[in-house]
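Every heavy atom of this structure was used, including side-chain atoms; hydrogens, water molecules and symmetry mates were not. Keep in mind it's a predicted model, so treat the numbers as computed, not measured.
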Amino acid sequence: MPEHEERGARAESEGRAGRRVPPQGRHGEAADAEEADPGRPLGPPGLGRDVDPAARWPDLMLPLLRTPTSARPLVGVGKRDRDGAPAPAEVAAVVDLALLVGELMLAYGEAAEGVEAAMLAVARTYRAGPCDPQVTFTRVAISYQQGPGEPPVTAERTVHHPAGDYAGLAALFRLVTQITAGGLAVDAAHRRLRAVRRHCRHYPAWALVVSSGLLAGAATLLIGGRSDARAWLVFVSAVVAAMAGHWLAALVGRHDLPEFYRIAAAATPAAVVGILMSFNQLHLRGSVVITGGLYALLPGWPMVAAVQDGLAGFYLTAAARLLEVVYLLAGVIVGVMTVLYVGVNNGADLATQSVPTSLADPPLQLAAAILLALAFAVLLNTEAATLPAVLVNSTAGWTTYAVLVGAGGEPIMATGLAAVLVGLSGQLMARYLGSSALPFVTAALGPLLPGSLLYFGLLAFVRGEPETGLSGLGRATATAMALAIGVNLGREAARLFLPATGAPPPARRRGGRHRR
């Protein structure tokens, strides 16, 4: 047997070690107390009590995903006769369950590789194999082949409006964990999944509006680094502008217009308020108001997600995310460029500047970073119980960045090192609490996102300074790559050096699968 097949079979045997639970029936009732048939398609076997299943299934699935499909060990090793094969209706229920899990995970913001891992875990737990999940930017699919010579069956779904919902993502992660632990029959899993789909947001609409305003205000303090009366006036102005933009975006969204128009409408109030503040004798920094008001709209995190998918080998998904970044930027440009053009050509003082390379007021900026991360987490519908861990992770990340920059380090390098720490600590928190790592990482990286660099690059183009604009956009791209590489490196370090209890070591690849 080839080496990679031996590794895969050993991983499967280790994953099944100690599983001696009564097999579950079609409706969840326990069957006779006898050893489960390895060929049973339903009734997921449970993990040993000494193993934490919450941390096991991602570690078991990622090495399989990075193994060529033809070299993966089959579930239910051993020959099965015709009577022992899964019934078509049972296979259809399992495939549909895996497909729905993947659809919701992708819609709630999970990375493509994480979605494939969850789909593969569900299919292999119920022994509906071999299955091959496939994920792109707005599409999830899964292929199943009954046996050699049999025609494969492929089902797929399209995700039309993906959006971050980390409470829903955490609920899905717990559902997959319970499935792989052997606690749910297929029918019961479908019922739980329908309950997740009916999941309500944890925060009322007014909390989201206030959070968008506080995120913008915190961004002004983070970028400006001052705590005088003018800075607080800028803070209040950015809060009001962002809340008005949120209201306009919701108004546009009620008419089912494309995302492009929603972004354009949301970007306009910040530009108007920033221009108006520049026409005065108080020397207020209108550019900081605009930057803060647009902080949640500029596609800093989609750019980071695109780089992460590219690092994982999902090149089509990464390209689609980058195209999304372009269209989001276009929406911001349409909403802001006309206002900026009129203002700049009529004497508005919007001096081009970037985020401070030296910290003007470290305690204030640390507090602003924490407030920004909190508001970002609420906008992503992060569970309330997770918020303290997010704030701790954000504090650690921003403090690392501030110390390195204060010591004279390059900001992009400092951003990358801070992202490594945030990614690693986020993985540890996720393993300890049995959840996805994204809720602990995404909002914590909010203060480090290159939103201000993107804005000042656009402003330079408006002022007729294309070289400065290209330089700003280049630095924004480099910052996004540093964040993505740092988070990915922290994740891989956690997987390699801090494996879950009982998880097999990662397999070395001999030629990869065709990625999407």
Side-chain angles (χ1 to χ4, degrees), residues 24 26-28 42 44 46-47 52-58 61 92-126 128 131 133 135 138-142 155-205 207-208 377-387 389-390 429-431 433-443:
Q24 301 292 319
R26 178 71 174 162
H27 299 287
L42 298 178
L47 294 172
D52 180 14
R56 266 187 78 98
W57 67 264
M61 292 304 111
V94 173
V95 170
D96 187 52
L97 176 64
L99 197 62
L100 288 172
V101 167
E103 177 193 3
L104 288 182
M105 275 198 166
L106 186 62
Y108 290 160
E110 182 60 79
E113 190 174 40
V115 175
E116 283 197 359
M119 295 172 67
L120 189 63
V122 171
R124 293 180 75 89
T125 298
Y126 292 113
C131 280
V135 175
T138 58
R139 172 184 171 273
V140 292
I142 188 166
E156 65 178 53
R157 285 179 176 268
T158 300
V159 180
H160 294 285
H161 300 289
D165 184 349
Y166 285 169
L169 183 60
L172 283 173
F173 194 98
R174 289 192 291 266
L175 175 60
V176 176
T177 295
Q178 190 171 358
I179 289 173
T180 55
L184 286 178
V186 176
D187 288 349
H190 272 284
R191 290 193 295 271
R192 284 280 306 278
L193 189 60
R194 287 193 294 269
V196 172
R197 298 189 73 170
R198 295 192 300 268
H199 163 264
C200 298
R201 296 193 69 90
H202 282 212
Y203 307 99
L208 300 180
V378 172
L379 289 174
L380 291 172
N381 194 35
T382 305
E383 292 178 320
T386 308
L387 293 180
V390 173
M429 292 174 180
R431 287 165 181 258
L433 298 175
S435 180
S436 170
L438 281 181
F440 303 96
V441 172
T442 305

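- Judged by distance alone, the side chain of Thr442 and the main-chain N or O of Pro439 form no donor-acceptor pair under 3.5 Å.
- Smallest separation of non-hydrogen atoms from Leu438 and Gly109: CD1-O, 3.3 Å.
- Rounding to the nearest 0.5 Å places CG of Asp165 at 12.0 Å from CG of Leu379.
- Across all their heavy atoms, Val94 and Ala123 have their closest contact at CG1-CA, 4.1 Å.
- The shortest non-hydrogen separation linking His190 to Ala93 is NE2-O, 3.0 Å.
- Taken from CG in Leu99 to CD in Glu156, the straight-line distance is 8.5 Å, to the nearest 0.5 Å.
- Proximity of Leu100 to Arg197: side-chain heavy atoms (C-beta onward) are separated by under 4.5 Å at one or more points.
- Taking the salt bridge (Lys or Arg N to Asp or Glu O under 4.0 Å) definition, one finds that Arg157 meets it with Asp96, Glu103, sequence neighbours left out.
- In summary, of the residues considered (Tyr166, Tyr108, Tyr203), a side-chain contact (heavy atoms from CB on, under 4.5 Å) with Asn381 occurs for Tyr203 alone.
- Partners of Ala189 according to the side-chain contact (heavy atoms from CB on, under 4.5 Å) rule, which considers only residues two or more places apart in sequence or in another chain, are Leu97, Tyr126, Ile179, Leu184.
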request  = Give the intermediate values and the outcome of side chain to side chain contact (heavy atoms under 4.5 Å, CB included) for residues Met105 and Val135.
outcome  = CA-CA 11 Å; Met105 275 198 166; Val135 175; over 6 Å; no

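- Across every non-hydrogen atom of Pro133 and Cys131, the tightest pair is CD-O, 3.9 Å.
- Leu172 is not listed as a side-chain neighbour of Glu110, based on a closest heavy-atom distance of 4.5 Å or more.
- Phe440 and Ser435 make their closest contact through CE1-CB, 4.1 Å (heavy atoms, listed as atom of the first residue, atom of the second, distance).
- Nearest heavy atom pair, residue Leu106 against residue Val140, reads CD2-CG1, 3.8 Å.
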